[in-house]
Amino acid sequence: MADETRNILVTGGAGYIGSHTVLELLNADFQVVVIDNLSNAFRGKGHEKPECILRVEKLANKQVIFIDCDITNKKSLNDIFQKHKFFCVIHFAALKAVGESCTIPLEYYKVNVAGTLNLLEVMREYNLKRIIYSSSATVYGVPKKLPLTEEMETGNCTNPYGKTKFMVEEILKDLCSSDKAWSVISLRYFNPVGAHQSGQIGEDPNGIPNNLMPFIAQVSVGKREFLSVYGKDYETPDGTGVRDYIHILDLASGHVKALIYQKTKNPLGFQAINLGSGNGYSVLEVINAFEKASSKKIPYKIVDRRSGDIASSYSDASLAQKLLDWVAVKNIDDMCADTWNWQQKNPNGYN
Ligand code: UFG
């Protein structure tokens, strides 16, 4: 008989974090249905499936079922649940650019909040009450104390994107209070960077990258002239912003560990868990590490602070170790080497 605990629905599986997680799920022998609306992914040439999924299938030597589906369309979600039976949903599908969320907030609330509500309603209808949610360290707002631990206050987010992540966590908490059968793990990511070591899959930002590592990567291959360093007057050792960078494969394995935790321990209720390395690196330290990994000079200019940025953020990741038996194993040199490898092999991303 088929082992139904192996069937996983991954929403947003064609994105950066989604695609690496799908690979790790296949490697751990899970069967994966990916849904994605391709708002941030390219179809493979002459193919229905996105290019990143085709590459994941090749790396894993296994197939996934791909369905072009938008989570804001409840009917199409319903059709999928009618056809497939899942053990758990890993929910990545969302819009994620902080700056953009300030210019088109309604779209962010529609996809991230209303889309998630659709998903939860359909799950409830089919009596599937297990979900791993893609949350963010952004829910902590401006940290009062570091490192950040899960019981610290959340909210006070400075932009609509962050607010959507916070709101969905609140919705999930209320849902768990109302119905004790739900099992919700909300993984709060710190700063995911890097790529699979093969250089076959990686981060492929739309347009000008918002985030530090993909921007540095584009400077390294000459696509951008220099990096703007946003502020050198923060209260940090060298004055530039400090973040907890985590290798994308460590992040992906955190999802597999969360799934195994659900399978083996059947935890009920809402549980937030930080996924970070626990180490903080400044912008200048990341530039140095990237120069070392790539043997390329990264020209940069110090400019004004970016509005909404905080000085420092890093995690206490001990709860993930305790509950999930997970720790980040890759360091900043691995993150830079793998980003460089991906960028060199795919200067134009998947296109
Ligand atoms: N930075 C630069 N120049 C750039 C881009 C970034 O100096 O071109 C600096 C930022 O000021 C910050 C650091 O590099 O100090 C990291 O910035 P990122 O944009 O890479 O990451 P953030 O920490 O600002 O944002 C990330 C995610 C968000 C999430 C947030 C909080 O991208 O989705 O962490 O969890 F909301």
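FYI, side chains are in, hydrogens and waters are out, and symmetry mates aren't considered; it's all heavy atoms of this structure. In each ligand, atom 1 is the first atom listed, and ligand 1 is the first ligand listed.
- Within the 4.0 Å heavy-atom criterion, the part of Asn191 lying near ligand 1 is the side chain and not the backbone.
- Under the 30°/60° scheme for interplanar angles, the aromatic rings of Phe81 and Phe86 are found to stand perpendicular.
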* Given the rule in the salt bridge (charged side-chain N to carboxylate O under 4.0 Å, His left out) test, do Lys257 and Asp325 qualify, once you have shown the distances and angles that lead to the verdict? -> CA-CA 7 Å; Lys257 290 278 177 122; Asp325 184 28; 3.8 Å; yes
request  = Carefully, step by step, assess Glu291 and Lys297 under the rule salt bridge (charged side-chain N to carboxylate O under 4.0 Å, His left out).
outcome  = CA-CA 6 Å; Glu291 287 183 338; Lys297 193 88 201 126; 3.5 Å; yes
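- Residue Val283 touches ligand 1 through its side chain alone, judged by heavy-atom distances below 4.0 Å.
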Step by step, work out the salt bridge (charged side-chain N to carboxylate O under 4.0 Å, His left out) result for Lys110 and Glu107. CA-CA 5 Å; Lys110 183 174 173 189; Glu107 280 74 3; over 6 Å; no
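- The pair Asp68-Arg43 counts as a salt bridge, with a side-chain nitrogen and a carboxylate oxygen less than 4.0 angstrom apart.
- Listed by atom number, the atoms of ligand 1 under 4.0 Å from Tyr245 heavy atoms are 13 (C), 16 (C).
- Counting non-hydrogen atoms of neighbouring residues, nucleotides and ligands closer than 6.0 angstrom, the NZ atom of Lys58 reaches no more than 12 such neighbours.
- Within the 4.0 Å heavy-atom criterion, the part of Arg306 lying near ligand 1 is the side chain and not the backbone.
- Among Tyr234, Tyr161, Phe226, the residue whose heavy atom lies closest to atom 33 (O) of ligand 1 is Tyr161.
- Protein heavy atom closest to atom 3 (N) of ligand 1, with residue, atom name and distance, is Ser228 O, 2.7 Å.
- Side-chain atoms of Leu259 and Ile8, non-hydrogen and from C-beta on, do get closer than 4.5 Å to each other.
- Under a 4.0 Å criterion applied to the non-hydrogen atoms of Asn210, ligand 1 contributes the atoms 5 (C), 19 (O).
- Remark: among candidates Gly99, Gly162, Gly241, the nearest residue to atom 15 (O) of ligand 1 is Gly241, based on non-hydrogen atoms.
- Looking from atom 27 (C) of ligand 1 to the surrounding protein, the closest heavy atom is Asn211 ND2, 4.0 Å.
- No path of Ile, Leu, Val, Met, Phe, Trp and Tyr side chains, each step under 4.5 Å between heavy atoms, connects Leu54 with Leu25, placing them in separate hydrophobic clusters.
- Taking distance alone, with nitrogen or oxygen atoms compared against 3.5 Å, Arg243 approaches ligand 1 more closely than that limit.
- Between the NE2 atom in His91 and the CD1 atom in Ile132 there is a gap of 12.5 Å [rounded to 0.5 Å].
- Close approach to Val229 involves these atoms of ligand 1, each under 4.0 Å from a residue heavy atom: 7 (O).
- Scanning for ring pair (Phe, Tyr, Trp, His ring centres under 6.0 Å) contacts around Tyr189 gives His255, with sequence neighbours left out.
- Close approach to Leu227 involves these atoms of ligand 1, each under 4.0 Å from a residue heavy atom: 3 (N), 4 (C), 8 (O).
- Ring centroids of Tyr350 and Trp342 are separated by less than 6.0 Å, placing the two rings close together.
- Looking at atom 30 (C) of ligand 1, its nearest protein heavy atom turns out to be Thr138 CB, 4.3 Å.
- In terms of protein heavy atoms, atom 29 (C) of ligand 1 is closest to Ser136 OG, 3.8 Å.
- Every atom of ligand 1 with a heavy atom of Asp309 under 4.0 Å away is listed here by number and element: 10 (C), 11 (O), 24 (O).
- Smallest separation of non-hydrogen atoms from Ile298 and Ser220: CD1-CB, 3.7 Å.
- Taking every non-hydrogen atom of Ala137 and a distance limit under 4.0 Å, the qualifying atoms of ligand 1 come out as 35 (O).
- When heavy-atom distances to ligand 1 are checked against a 4.0 Å cut-off, Leu212 comes that close through both its backbone and its side chain.
- The N/O atoms of Phe215, backbone and side chain alike, include none that comes under 3.5 Å of an N/O atom in ligand 1.
- Between Tyr300, Tyr230, Tyr281, it is Tyr230 that holds the heavy atom closest to atom 1 (N) of ligand 1.
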